[in-house]
Novice: 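A single structure is presented below for examination.
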Amino acid sequence: MTKNIAVIGGDGIGVEITAEAIKILNKIAAKYNREFGFTHVLMGGIAIDETGVPLPEETVKVCKASDAVLLGAVGGPKWDKGAGHLRPEAGLLGIRSALGLFANLRPVRLFDVLADACVLKNPGKIDLIIVRELIGGAYFGRRETYKDEAEARTAYDTMLYRDWEIERIAKVAFKLAQKRSGSVCSVDKANVLDSSRLWREVVWETFGKGDYSGITLSDMLVDNCAMQLVRDPSQFDVIVTENLFGDILSDEASVLTGSLGMLPSASLSESGAGMYEPCHGSAPDIAGQDKANPLAMILSAAMMLRLSFDMDSEAAAIESAVERVLAKGLRTGDIYRGTEPAQAIPPLGGESSPERLVGCIEMGDAVAAEICFS
Ligand code: IPM
Ligand code: MG
């Protein structure tokens with residue numbers, strides 16, 4: 001049966017990296033006798049240009065009717081001046097909310113071959129996952145910009161959580177931990193924020209109510225967590241946290257994998273809808289130059305196969321193809337550690353550098369080729 005996938009290329013490098021993910025999925029389809037259908041839809045800056053809004057109705061309709069959504073990235077300086085609801089990012093938040101994608105899973109795994117690209121000197125084993133609540137907190141709370149009585153420009157955002165929103169994301173984290181090393185660290189700012197005190201209370205209540213034997217639960221304040229992530233990331237298995245903290249911590253954690261360009265993600269709803277997107281943005285500075293790292297997008301497609309389509313072997317085939325390509329020394333600029341200028345880099349296997357700087361398309365081709373021969 002055909003799996004219908006809505007594809008939102010979006011802005012900047014989004015279009016380039018989604019093209020590579022589709023290339024890989026077509027290889028998988030051929031090798032494993034699967035059928036994937038792709039419907040391209042507009043969102044973000046390009047949607048503003050073409051339809052006047054960042055999230056056209058049609059896009060929501062197609063995404064809801066699809067088996068999964070693949071999303072590149074949205075945003076860019078061209079649309080930065082618009083009012084909040086007319087910015088590309090409003091499209092992203094809108095689709096997350098329209099599809100009920102409350103659970104954002106961001107796996108942070110350092111491939112052995114990229115140990116040199118990790119920002120830490122002795123990284124050890126890094127294999128953690130950030131479970132970020134995605135449709136609550138300050139991103140969706142009441143907000144306002146106005147002039148107060150003294151004519152001072154004033155603005156506020158509200159970080160609001162209801163108990164059921166905390167409970168459902170905590171359950172996702174506990175269930176994930178049961179399939180992994182079994183420890184959950186809940187991250188909050190309970191020494192200051194009311195919403196965090198409720199968060200902590202509900203996380204523990206949920207833990208107590210369910211059958212989560214074999215799992216350990218601990219709490220950590222978000223400022224400490226930011227520090228512990230770079231001090232000793234190997235202490236973490238599953239980190240569960242609210243929307244804004246998860247956004248910040250996942251960018252921080254991404255460089256443990258070598259680059260933000262390596263971090264995939266899955267956003268899931270209660271009803272089973274899934275959207276798969278890299279954690280990085282649209283990188284307008286390198287857009288259209290064949291310089292983007294497509295691996296986070298390709299690894300997001302692998303997550304889609306595993307989590308939305310139950311295609312475990314296919315997902316594993318992509319992941320090991322990525323690992324082999326990296327082991328052969330292919331590197332996009334963000335994970336390249338050579339010092340030579342691009343033109344002077346010897347081909348793969350050359351003497352002065354085992355690494356070879358490649359573009360987005362060549363990286364995609366190399367992963368596709370590895371899938372063919374695996
Ligand atoms: C992310 C991004 C988005 C977010 C932006 C683009 C709105 O940073 O997915 O992490 O803050 O959620
Ligand atoms: Mg972010």
Side-chain angles (χ1 to χ4, degrees), residues 1-9 14-41 62-72 99 101 103 105-107 109 111-114 127 129 175-176 179-180 257 261-269 271-279 292-328 330 332 358-374:
M1 218 176 64
T2 306
K3 293 289 184 197
N4 294 308
I5 302 164
V7 181
I8 304 173
V15 183
E16 299 162 57
I17 57 172
T18 43
E20 298 313 307
I22 290 172
K23 189 189 281 176
I24 305 304
L25 289 168
N26 283 332
K27 278 281 180 222
I28 290 287
K31 185 174 169 182
Y32 291 85
N33 201 17
R34 302 286 193 184
E35 268 177 47
F36 301 124
F38 302 100
T39 310
H40 293 265
V41 283
V62 171
C63 290
K64 279 189 173 164
S66 300
D67 297 305
V69 182
L70 273 186
L71 165 63
L99 300 179
L101 306 171
L105 315 185
R106 300 190 157 185
R109 185 157 84 89
F111 288 101
D112 290 342
V113 288
L114 283 186
D127 184 4
I129 184 161
K175 284 188 191 135
L176 251 178
K179 296 194 206 134
R180 297 173 48 100
T257 68
M262 293 300 301
L263 204 67
S265 90
S267 305
L268 307 171
S269 76
S271 64
M275 184 165 88
Y276 299 85
E277 54 174 310
C279 296
N293 182 350
L295 295 180
M297 184 76 242
I298 290 171
L299 292 168
S300 301
M303 290 186 86
M304 173 184 78
L305 297 183
R306 181 174 287 120
L307 299 174
S308 280
F309 303 161
D310 259 334
M311 297 181 188
D312 280 359
S313 325
E314 289 86 339
I318 296 180
E319 287 156 357
S320 61
V322 166
E323 207 156 354
R324 280 197 302 279
V325 164
L326 291 171
K328 284 185 172 176
L330 272 70
T332 43
V358 298
C360 182
I361 297 174
E362 191 176 348
M363 186 61 108
D365 284 344
V367 176
E370 283 296 331
I371 284 167
C372 258
F373 301 121
S374 60

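FYI, the numbering just counts along the sequence from 1.
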Novice: Within this structure, what is the CG-CZ distance for the pair L299 and F111, rounded to the nearest 0.5 Å?
Specialist: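 So the gap between those two atoms works out to 5.0 Å.
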Novice: Between R109 and E319, does any side-chain N to carboxylate O distance fall below 4.0 Å?
Specialist: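 No, R109 and E319 are not salt-bridged.
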Novice: Taking C-beta and beyond as the side chain, do L99 and S269 meet within less than 4.5 Å on heavy atoms?
Specialist: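 The answer is no, as the side chains (C-beta and beyond) never meet within the 4.5 Å cut-off.
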Novice: Would a 4.5 Å heavy-atom cut-off, applied to side chains only, mark K3 and M311 as touching?
Specialist: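 A side-chain contact exists here, since the closest heavy-atom pair is under 4.5 Å.
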Novice: Checking side chain to side chain contact (heavy atoms under 4.5 Å, CB included) against H40, which of I22, I8, V15, T18 comes through?
Specialist: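 Output: one option passes, namely I22.
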Novice: So which heavy atom on A296 is nearest to which on P278, and how close?
Specialist: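 For A296 and P278, the tightest heavy-atom pair comes out as CB-CB, 3.6 Å.
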Novice: Could you pull out the closest heavy-atom pair between A317 and Y32, with the gap in Å?
Specialist: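 So the minimum-distance heavy-atom pair works out to CB-OH, 3.3 Å.
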Novice: Could you tell me which non-hydrogen atom of S308 sits nearest to which non-hydrogen atom of G274, and how far apart they are?
Specialist: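 Heavy atoms only, the tightest pair is OG-CA, 4.1 Å.
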Novice: Does some side-chain heavy atom of T332 sit less than 4.5 Å from a side-chain heavy atom of C360?
Specialist: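 Side-chain contact under 4.5 Å: no.
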Novice: Could you tell me the separation between the CG atom of L295 and the CD atom of E323, rounded to the nearest 0.5 Å?
Specialist: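 It is 11.5 Å, given to the nearest 0.5 Å.
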Novice: Heavy atoms, side chains only, cut-off 4.5 Å: are S300 and E277 in contact?
Specialist: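 Side chain of S300 against side chain of E277, heavy atoms only: no contact under 4.5 Å found.
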Novice: Any side-chain heavy-atom pair from L330 and V367 closer than 4.5 angstrom?
Specialist: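 No, side chains not in contact.
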Novice: Output yes when a side-chain donor or acceptor of T39 lies under 3.5 Å from a complementary backbone atom of A6, and no otherwise.
Specialist: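 No: the side chain of T39 does not pair with the backbone of A6.
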Novice: For M297 and G72, work out which heavy atoms get closest and say how close.
Specialist: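 Smallest heavy-atom distance, with atoms named: SD-CA, 3.9 Å.
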Novice: Show the nearest heavy-atom pair for residues P107 and L105, with the distance to one decimal.
Specialist: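 Answer, listing the atom of P107 first, then L105: CD-O, 3.5 Å.
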Novice: Of I24, L25, N293, which is the lone residue that meets side chain to side chain contact (heavy atoms under 4.5 Å, CB included) with I298?
Specialist: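 Passing option: I24.
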Novice: Rounded to the nearest 0.5 Å, what separates atom CG in L307 from atom CG in L268?
Specialist: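 Spacing of CG (L307) from CG (L268) equals 6.0 Å.
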Novice: To the nearest 0.5 angstrom, please state how far the SG atom of C63 sits from the CG atom of N4.
Specialist: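 These two atoms lie 12.0 Å from each other.
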Novice: Taking only residues two or more places apart in sequence or in another chain, which ones pass salt bridge (charged side-chain N to carboxylate O under 4.0 Å, His left out) with K23?
Specialist: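 K23: salt bridge (charged side-chain N to carboxylate O under 4.0 Å, His left out) contacts with E20, D365.
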Novice: Let me confirm one number: the CE-OG distance from M303 to S267, rounded to the nearest 0.5 Å.
Specialist: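 Going from the CE atom of M303 to the OG atom of S267 covers 9.0 Å.
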Novice: How about N26 and F38: do any of their side-chain heavy atoms sit closer than 4.5 Å?
Specialist: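 In short, these two side chains touch, coming nearer than 4.5 Å.
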Novice: Do I318 and K27 come close enough that some side-chain heavy atom pair is under 4.5 Å?
Specialist: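 The answer is no; the side chains never approach within 4.5 Å.
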Novice: With side-chain contact (heavy atoms from CB on, under 4.5 Å) as the criterion, how do M262 and L326 come out once you've worked through the C-alpha distance, each side chain's angles and the decisive distance to 0.1 Å?
Specialist: CA-CA 11 Å; M262 293 300 301; L326 291 171; 4.0 Å; yes
Novice: Do E314 and F309 come within less than 4.5 Å of each other through their side chains, counting heavy atoms only?
Specialist: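 Result no, sub-4.5 Å side-chain heavy-atom pair not found.
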Novice: If you apply the rule side-chain contact (heavy atoms from CB on, under 4.5 Å), what do you find for Y276 with L305, and how did you get there?
Specialist: CA-CA 10 Å; Y276 299 85; L305 297 183; over 6 Å; no
Novice: How many angstroms lie between atom CE of M304 and atom CG of D67, to the nearest 0.5 angstrom?
Specialist: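 Between atom CE of M304 and atom CG of D67 there are 9.5 Å.
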